[in-house]
Number of protein chains: 2
Amino acid sequence: MLTLEDARKALAKGSVIIFAGPCTVVYEGRATSRLGVGERLVLIKKDRSILVHRPTGHEPVNWQPAGSMIDFLTENGLPVIRASNANELLKISFTAQPSLMVFDLRDTAEFEMYASEEDMKKAVLAKPSLVEPGFKPLEEERQVKRTGRVDILGLDALGRLVVVELKRKPATPEDVRQLSAYVESLNSEFGRKPRAILAAPSTTKAARREMEKTSVEFRCLTPRRCMQVLREAKGLDSYL
Amino acid sequence: MLTLEDARKALAKGSVIIFAGPCTVVYEGRATSRLGVGERLVLIKKDRSILVHRPTGHEPVNWQPAGSMIDFLTENGLPVIRASNANELLKISFTAQPSLMVFDLRDTAEFEMYASEEDMKKAVLAKPSLVEPGFKPLEEERQVKRTGRVDILGLDALGRLVVVELKRKPATPEDVRQLSAYVESLNSEFGRKPRAILAAPSTTKAARREMEKTSVEFRCLTPRRCMQVLREAKGLDSYL
DNA sequence: GCCTAGGTCCCGTTG
DNA sequence: CAACGGGGCCTAGGC
């Protein structure tokens, strides 16, 4: 039978802890929440992130991000977990003795994710015609100066400035507004409107309406196609 | 020693399952990911949501939302979990015998959250002067017709139409664009520009610039203040 | 430290 | 069903 003292030691040692049992949960911070008695799992990781999971749902019902201060207390003979940081407090009060499990997890593997918006950008830089024939991205340095608002700056076949926004999901009116706001700021800076191209697998209807109003152009581009292009480019690289 | 057959039965019965052990994870779907060998916790909930947790970090490294199809297989004498839905596949392959835990969690409690944007709206409807002296929200019916884009429609002390956008966090340029897009659509519909008020605890600098350009007004309003007003309104209700 | 943008975001609500 | 916006979003990157 593991005790709170075991939990303290395990956490100090860098283990992962799970409590399983009936509890109530109170949270005060950016918002406030209350959760009555029910049986839940409480995960405490070695970085002192903490998750309260109900028996359903992808998302934890309550949590505290990594780096919080974790205290194990006893109130009325039952365990209480306090997880706090500068502005927030999470308090988990068990209403019966929970079971306690300790895990020593070694995990140093790298996590690799593909088909992100960043990958789409790499693909377009490797093969600019994905945007349109004759499209030429500006050199990296001039890209960087404009970073943060637009994904790719370039010139079209006629030498006109083009701002390209990439989306891995169907484009929304929000995406269109973001792009046309950027066009406007370039316009007032240089006195000339650049072309704007929104490259995404599709658009919502409202986005399409917004595009017509603001003369943002749509170019169909899927993450899948971009990954193909990246594979081909890589294959070519290793061949050469 | 629990077996995969036990896991199948537990899941069918509505229990929550945790596997703990070394595994690799492959995901194919909206994106693609690869995770090499490492020791992790795999939670499978009764709604067949599934979470793969590494020893650090609030977020699961891989997952599948509720309702996926879960298969427990054996490959080379070791357990494999396949969690799939129409378009996505998550495959967890253990590289050594994992431990298996089963939990029967009863949890029917209601989760209550306060200080949401919705609560801010309630507070303003209870005490419209939170927006400005003389502000009068339109009746609920005329609100509803306009729902989905703007939080509150009302009239100011001079009878002018006012659209109010509430935010519980510092207002961003995106928030300003959203509001002014709405103002524009009302303008082209009625031929007259309504006033626009963004009520939030603060604004980012870029948002402030965007507000000046588009004549969106700022009103400082915190979730905390709104909760006070709601408590007072409630207290008054129970007194009357 | 603030601020911005992405995410397999998830999730609820509405048309 | 798509679509739209909130969230204690979290997290990574820039400045």
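Excluded from the calculations below are hydrogen atoms, water molecules and symmetry mates; all remaining heavy atoms, backbone and side chain alike, are included. Quick note on labels: first sequence line is chain A, next is B, and so on, each numbered from 1.
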Which part of the nucleic acid does [X] contact within heavy-atom distance under 4.0 Å: base, sugar-phosphate only, or nothing?
{"X": "Pro173(B)", "result": "sugar-phosphate"}
{"X": "Thr32(B)", "result": "nothing"}
{"X": "Glu165(B)", "result": "sugar-phosphate"}
{"X": "Ser33(A)", "result": "nothing"}

Reading 5' to 3' and counting Watson-Crick or G-U wobble pairs with both distances under 3.5 Å, write the dot-bracket notation for DNA chain D, | for bases paired outside the strand. |||||||.|||||||
Please list, chain by chain and in numerical order, all residues satisfying side chain to side chain contact (heavy atoms under 4.5 Å, CB included) with [X], sequence neighbours excluded.
{"X": "Pro98(B)", "answer": "Phe19(B), Pro79(B), Phe94(B)"}
{"X": "Arg219(B)", "answer": "Ile197(B), Ala199(B)"}
{"X": "Glu117(A)", "answer": "Asp151(A), Leu166(A), Lys167(A)"}

What one should report as the nearest heavy-atom pair of Ile70(A) and Ile81(A) is CG2-CG2, 4.2 Å
List the atom of Ala109(A), the atom of Val37(B), and the distance in Å for their closest heavy-atom pair. CB-O, 3.5 Å
Between Gly29(A) and Pro170(A), which is nearer to the 5' end of DNA chain D once each is assigned its nearest nucleotide? Pro170(A)
The test is salt bridge (Lys or Arg N to Asp or Glu O under 4.0 Å); show your working for Lys205(B) and Glu210(B) and say whether it passes. CA-CA 9 Å; Lys205(B) 277 180 198 166; Glu210(B) 197 89 16; over 6 Å; no
Rounded interatomic separation in angstrom, taking [atom1] from [X] and [atom2] from [N]:
{"X": "Glu117(B)", "N": "dT13(C)", "atom1": "CD", "atom2": "P", "value": "15 Å"}
{"X": "Met120(B)", "N": "dG5(D)", "atom1": "CE", "atom2": "C1'", "value": "16 Å"}
{"X": "Glu112(B)", "N": "dG8(D)", "atom1": "CD", "atom2": "C1'", "value": "16 Å"}
{"X": "Glu174(A)", "N": "dG6(C)", "atom1": "CD", "atom2": "P", "value": "12 Å"}
{"X": "Arg168(A)", "N": "dG6(C)", "atom1": "CZ", "atom2": "C1'", "value": "9 Å"}
{"X": "Tyr27(A)", "N": "dG8(D)", "atom1": "OH", "atom2": "P", "value": "8 Å"}
{"X": "Leu179(B)", "N": "dG6(D)", "atom1": "CG", "atom2": "P", "value": "12 Å"}
{"X": "Asp151(A)", "N": "dG14(D)", "atom1": "CG", "atom2": "C1'", "value": "15 Å"}

Once you round to the nearest 0.5 Å, how far does [atom1] of [X] lie from [atom2] of [Y]?
{"X": "Met211(A)", "Y": "Leu198(A)", "atom1": "CE", "atom2": "CG", "answer": "5.0 Å"}
{"X": "Glu88(A)", "Y": "Arg30(A)", "atom1": "CD", "atom2": "CZ", "answer": "4.0 Å"}
{"X": "Arg40(B)", "Y": "Leu105(A)", "atom1": "CZ", "atom2": "CG", "answer": "9.5 Å"}

If you check the Gln178(B) side chain, which of dG5(D), dG8(D), dT8(C) turns out closest? dG5(D)
Salt bridge flag under 4.0 Å for residues Arg168(A) and Glu118(A): no
Is Glu184(A) salt-bridged to Lys193(A), cutoff N-O under 4.0 Å? yes
Numerically ordered, the residues 47-66 of chain A set in heavy-atom contact under 4.0 Å with DNA chain D is Asn62(A), Trp63(A), Gln64(A), Pro65(A)
Distance-only donor-acceptor check, side chains Gln228(A) and Arg231(A), under 3.5 Å: no
Do any side-chain nitrogens or oxygens of [X] fall under 4.0 Å of OP1 or OP2 in [N]?
{"X": "Thr204(A)", "N": "dC4(D)", "value": "yes"}
{"X": "Thr172(B)", "N": "dT4(C)", "value": "no"}
{"X": "Lys167(A)", "N": "dA5(C)", "value": "no"}

Strand-adjacent residues in residues 206-228 of chain B, judged by heavy atoms under 4.0 Å from DNA chain C: Ala206(B)
